[in-house]
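Read the structure below first, then the notes.
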Amino acid sequence: MINLELPKKLRFSANQAHQVAAQIFRPISRKYDLAEHDYPVELDTMSAMVEGLADSGTQDISGATGGRKAEGEGDADPHATELLGNSNGGNMSALLNALETSWGDVGLMLSIPYQGLGNAAIAAVATDEQLDRFGKVWAAMAITEPSFGSDSAAVSTTAVLDGDEWVLNGTKIFVTAGSRATHIVVWASVDRSKGRAAIKSFVVPRDAKGLSVARLEHKLGIKASDTAELRLEDCRIPKDNILGSPEVNVEKGFAGVMQTFDNTRPLVAAMAIGVGRAALEELRAVLTDAGVEISYDIPAMNQPAAAAEFLRMEADWEAAYLLALRAGWMADNKKPNSLEASMSKAKAGRMGTDVTLKAVELAGALGYSQRTLLEKWGRDSKILDIFEGTQQIQQLIVARRVLNLTSDKLK
Ligand SMILES: Cc1cc2nc3c(=O)[nH]c(=O)nc-3n(C[C@H](O)[C@H](O)[C@H](O)COP(=O)(O)OP(=O)(O)OC[C@H]3O[C@@H](n4cnc5c(N)ncnc54)[C@H](O)[C@@H]3O)c2cc1C
């Protein structure tokens, strides 16, 4: 029999993240939705807590460090071993923490100091020496450029080695936490004539000469999160700030940098699952107040239409949740999970927008007004179906993997 109960250790850390979400994020959720670009000062308390937790070895409140295992983590929990296979490490714990904090507020979750998506990239590929230097930074992730979004092989930012330094030139747009993070993980080409194989990632400190914030975006949702355009103009960084090997291996393509997505996509899925659960809980309360009873004993078709719809949404949510757990578990157990990571993001991204907007619909005027957070979650969830690869791109990746076709064959 399959036991899908979470191990005790994971429940404990998820519960901690839930407390942060309930006590720090929810009370200020509307405040920063209405004050786009204001820095949420309350996060400084959070930042101190995150540092404290990192020092005590129970780090990663939001989860975006993406699952580099702390020493002794994983197999050390016999319960985990018994229930979910041979290891539950950082990825699974990161995923659950991202879910819980996003239940509180996904914009604030994306603004938690020291927990950027760039941290996941560092955790996935940094050497031990680099982990010593970058393990405790706050890193944003800069891939997108004015000339492309989905087609990440089209990177035109360049990195040229000059003595002991890389010199970076280019423009990055829509960088989450781009104006607040202490470091930016930048994708750049070391040789544009060699195509995608020459794309590497570089850790650029915020105070590096030649790096500047050109503008901040105004957005539909996640307004608590800053989204920046960054310029790199003869920006110099140390030679050993490249993540992974500087060697250009044309046969391997850009598998190295793409590997980060296997860790970050389940995390973004978890964010959608967190927002989706928030909306379902609020909707249940609204329906109960309106006298609609939701029963698990009567077939959905024999219940009020709103209750039947609720049950459908809940089942959809559960499917997304289980797919994300599978992708995270595979990452922890070093099983190739590109297919499952994309599946989980595609499912959760779509579920998130569907569930949150349906919740607005079923709650009627109350859902559309600012008297609850339902309309906000409807706006916030859309980005989770866009960044780290859109819905369509995830489906494309799934199709390529299932049909065993290369990106040249199936575009
Ligand atoms: C709030 C916000 C935060 C972001 N944060 C970051 C960040 O931190 N770092 C970063 O690097 N980027 C970030 N991005 C950028 C994000 O990753 C891109 O917006 C996303 O990858 C889509 O790219 P695009 O907007 O250029 O759309 P396009 O690639 O132009 O796509 C437009 C539409 O066409 C579809 N499409 C594209 N190609 C195909 C295809 N082959 N088959 C079928 N359909 C296709 C897409 O799914 C989409 O619906 C952020 C964006 C936003 C809005």
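Start at 1 and go down the list; that is how both ligands and their atoms are numbered.
Inspection of the S111 and R180 side chains reveals an N or O donor paired with an N or O acceptor under 3.5 Å. Side-chain atoms of W103 and E281 include a donor-acceptor pair closer than 3.5 Å.
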Pick out the protein N or O atoms lying less than 3.5 Å from any N or O of ligand 1, and list each pair with its distance.
unit_1   : atom_1 : unit_2 : atom_2 : d
ligand 1 : 5 (N)  : F174   : O      : 2.8
ligand 1 : 5 (N)  : T176   : OG1    : 2.8
ligand 1 : 8 (O)  : M141   : O      : 3.3
ligand 1 : 8 (O)  : T176   : N      : 2.9
ligand 1 : 8 (O)  : T176   : OG1    : 3.3
ligand 1 : 9 (N)  : M141   : O      : 2.7
ligand 1 : 11 (O) : I143   : N      : 2.7
ligand 1 : 11 (O) : T144   : N      : 2.9
ligand 1 : 11 (O) : T144   : OG1    : 3.1
ligand 1 : 12 (N) : T144   : OG1    : 2.7
ligand 1 : 12 (N) : F174   : O      : 3.4
ligand 1 : 14 (N) : F174   : O      : 3.3
ligand 1 : 23 (O) : S150   : N      : 3.4
ligand 1 : 26 (O) : G149   : N      : 3.3
ligand 1 : 29 (O) : S150   : N      : 2.9
ligand 1 : 29 (O) : S150   : OG     : 2.6
ligand 1 : 47 (O) : T390   : OG1    : 2.6
ligand 1 : 47 (O) : Q392   : OE1    : 2.6
ligand 1 : 49 (O) : Q392   : OE1    : 3.4

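At a threshold of 4.5 Å between non-hydrogen side-chain atoms, the residues K136 and Y114 do not count as touching.
When atom types are taken as modelled, the side chain of K382 and the backbone of G378 share no donor-acceptor pair closer than 3.5 angstrom.
Ion pair K376/D105 flagged as a salt bridge, since at least one NZ, NE, NH1 or NH2 atom sits closer than 4.0 Å to an Asp/Glu carboxylate oxygen.
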Please list, one pair per line, the donor and acceptor atoms closer than 3.5 Å that link side chains of residues 359-375 to other protein atoms, with sequence neighbours excluded.
unit_1 : atom_1 : unit_2 : atom_2 : d
E361   : OE2    : K358   : NZ     : 2.9
S369   : OG     : L366   : O      : 3.0
S369   : OG     : R371   : N      : 3.1
T372   : OG1    : L374   : N      : 3.1
E375   : OE1    : R379   : NE     : 3.0
E375   : OE1    : R379   : NH2    : 3.1
E375   : OE2    : R30    : NH1    : 2.5
E375   : OE2    : R30    : NH2    : 3.0
E375   : OE2    : R379   : NH2    : 3.2

